[in-house]
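A quick write-up on the structure given underneath.
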Amino acid sequence: MSEPKLKAPRGTFDVLGEQAAARTALEARARAILEGAGYERIETPAFEATELFQRGVGESTDIVRKEMFTFEDAAGRSLTLRPEGTAPVCRAYVEHGMHKRRQPVKLWYLSSFFRHERAQAGRYRQFWQVGAEALGSEDPAVDAESITLLATLLREMDVRDVRLRVSSLGGAEARSEYRERLQEHLRANEASLSDDVRSRIDVNPLRAFDSDHPGTVRVMEDAPRLLEHLSEEDAEHFAEVRALLDAANVPYEVDSTLVRGLDYYTRTVFEFTSDALGAQSGVGGGGRYDRLVEQLGGPATPGMGWAAGIERILLAGEVPEVGQPTSYAPLELFLALERTDGETRRRAFVLLQEARSAGLKAQMDLGGRSLKGQLGHASALGARYVAILGSDGATFRDMQGGGQEQIATDAVVHAVLRGLHDL
Ligand code: ATP
Ligand code: MG
């Protein structure tokens, strides 16, 4: 009886072959764009204290209420697989005293995140995001630069039918006055709302804008809009962000119903969607979070950032021409063994290390193949040169030119280098 086959857990997947190559290409583009703009790479742990997300993302959000993978360690501490990247980056900013550096501190990441969601196309339980955060400046140019960088990445990845919506949630004061006004409106129409929205009137009334429940949608059509109740300063800030986007020729729509699923946003919020994605249309989004660092115990520090889903970029984008998966990248040297005795294998192994130290793409036979099999394998790998190690020296074969000669083992690396550079 054979054992039952094991599969990757629901909502997870293996990344291999063309997918792995496409991700490598995406990462290279993201790095070029973001590091070119002064963003430094950061990687935070895959799990954090649960409290970080409770305090950072907010108790009333879907993420904290029902999407976190939370567990206890042996000492009884509550830990959570990171569902998003902004709170961890802010935690790291405080922990490393980055407020003492030149501001803004710009950081980017490409990591996997975990949410316990209903798995479907474009929605997984482990997924990858590329994200960028700029901490320490309120300048509207930070907002515009941040949004423009994501627009550039999506354009370079040929993501189809992209739309950008922007809005402003204002500062804390306007927000709390507005919350009350919105709560009044929701209570006055309570009977038409979905259970979910009704149960969150007190804790998170803004989320009602995100509902697709028909009754709620009708109620929200004539709900008061935060955008119309911004303070003068917040309105000016938003106007400047828009002016900069206009100047940079980044097309967008102002959408006063845009609220994001995380509690920490203030002022600018934005979202890129792709109509090519169907129901899971969100490609990436973010905004300003001027209170978050303080909420996590750090000094008052404004922040602005975004995250975009790697799988959705690849689904809605043109998978870049990456040629063959890297494991099949054209080989420069293949070492074949005439005989598979230990002495010949060891000689080949030493030569393999020498070839790699000299910068060559080199492989040796690892499959215990016959000599004929090895030569077939070498041409399948696209090897430019093959050295067949015999009892005494090597037969050095040019797989493109067709010639071959008998040379000493320690002349092989040099022969390849000479051949490649004389071309
Ligand atoms: P959605 O509305 O699709 O649930 P979200 O508002 O929860 O998205 P964010 O928290 O803003 O998403 O995350 C930023 C991006 O990460 C999304 O725009 C999307 O591309 C991607 N993303 C979010 N959740 C998932 C998931 N479960 N699987 C794959 N990608 C995801
Ligand atoms: Mg979500």
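Whatever order the structure lists ligands and atoms in, that order sets their numbers, starting from 1.
- Counting heavy atoms of neighbouring residues, nucleotides and ligands inside a 6.0 Å radius, atom CZ of R41 exceeds 12 of them.
- F69 and H116 have tilted rings, their planes meeting at an angle from 30° to 60° on a 0 to 90° scale.
- Counting only N and O atoms by type, the side chains of T70 and T80 include a donor and acceptor under 3.5 Å apart.
- Side chains of S78 and E51: a donor-acceptor N/O pair is absent below 3.5 angstrom, by distance only.
- Classified by interplanar angle (parallel below 30°, tilted 30° to 60°, perpendicular above 60°), the ring pair F334/H377 is perpendicular.
- Counting only heavy atoms from C-beta outward, the side chains of Q183 and E180 approach each other to under 4.5 Å.
- For ligand 1, the atoms sitting less than 4.0 Å from at least one non-hydrogen atom of G284 are 18 (O), numbered in the order shown with element in parentheses.
- No option in R225, E221, M220 other than R225 meets the side-chain contact (heavy atoms from CB on, under 4.5 Å) test with T257.
- For the residues E311, R312, Q129, the heavy atom positioned nearest atom 15 (C) of ligand 1 is part of Q129.
- Checked for salt-bridge contact, D14 and K7 miss the test: no charged N lies under 4.0 Å from a carboxylate O.
- Contacts between I313 and ligand 1 below 4.0 angstrom, taking non-hydrogen atoms only, are absent altogether.
- Residue-level proximity to ligand 1 for R123 is carried by backbone and side chain together, each with a heavy atom below 4.0 angstrom.
- Residue A307 approaches ligand 1 through these ligand atoms, each under 4.0 Å from one of its heavy atoms: 14 (C), 15 (C).
- By heavy-atom distance, the residue among E117, E271, E84, R115 lying nearest atom 5 (P) of ligand 1 is R115.
- Those atoms of ligand 1 that come under 4.0 Å of a heavy atom in G309, given as number and element, are 15 (C), 16 (O), 20 (O), 21 (C).
- Which of S274, G122, A121, G85 comes nearest to atom 29 (C) of ligand 1 through a heavy atom is settled by distance: it is G122.
- Distances from atom 31 (C) of ligand 1 to the heavy atoms of F113, F127, W128 put F127 nearest.
- Between Q280 and ligand 1 there is no heavy-atom distance shorter than 4.0 Å.
- Ligand 1 has a nitrogen or oxygen under 3.5 angstrom from a nitrogen or oxygen of G282.
- Listed by atom number, the atoms of ligand 1 under 4.0 Å from Y124 heavy atoms are 26 (C), 27 (N), 28 (N), 29 (C).
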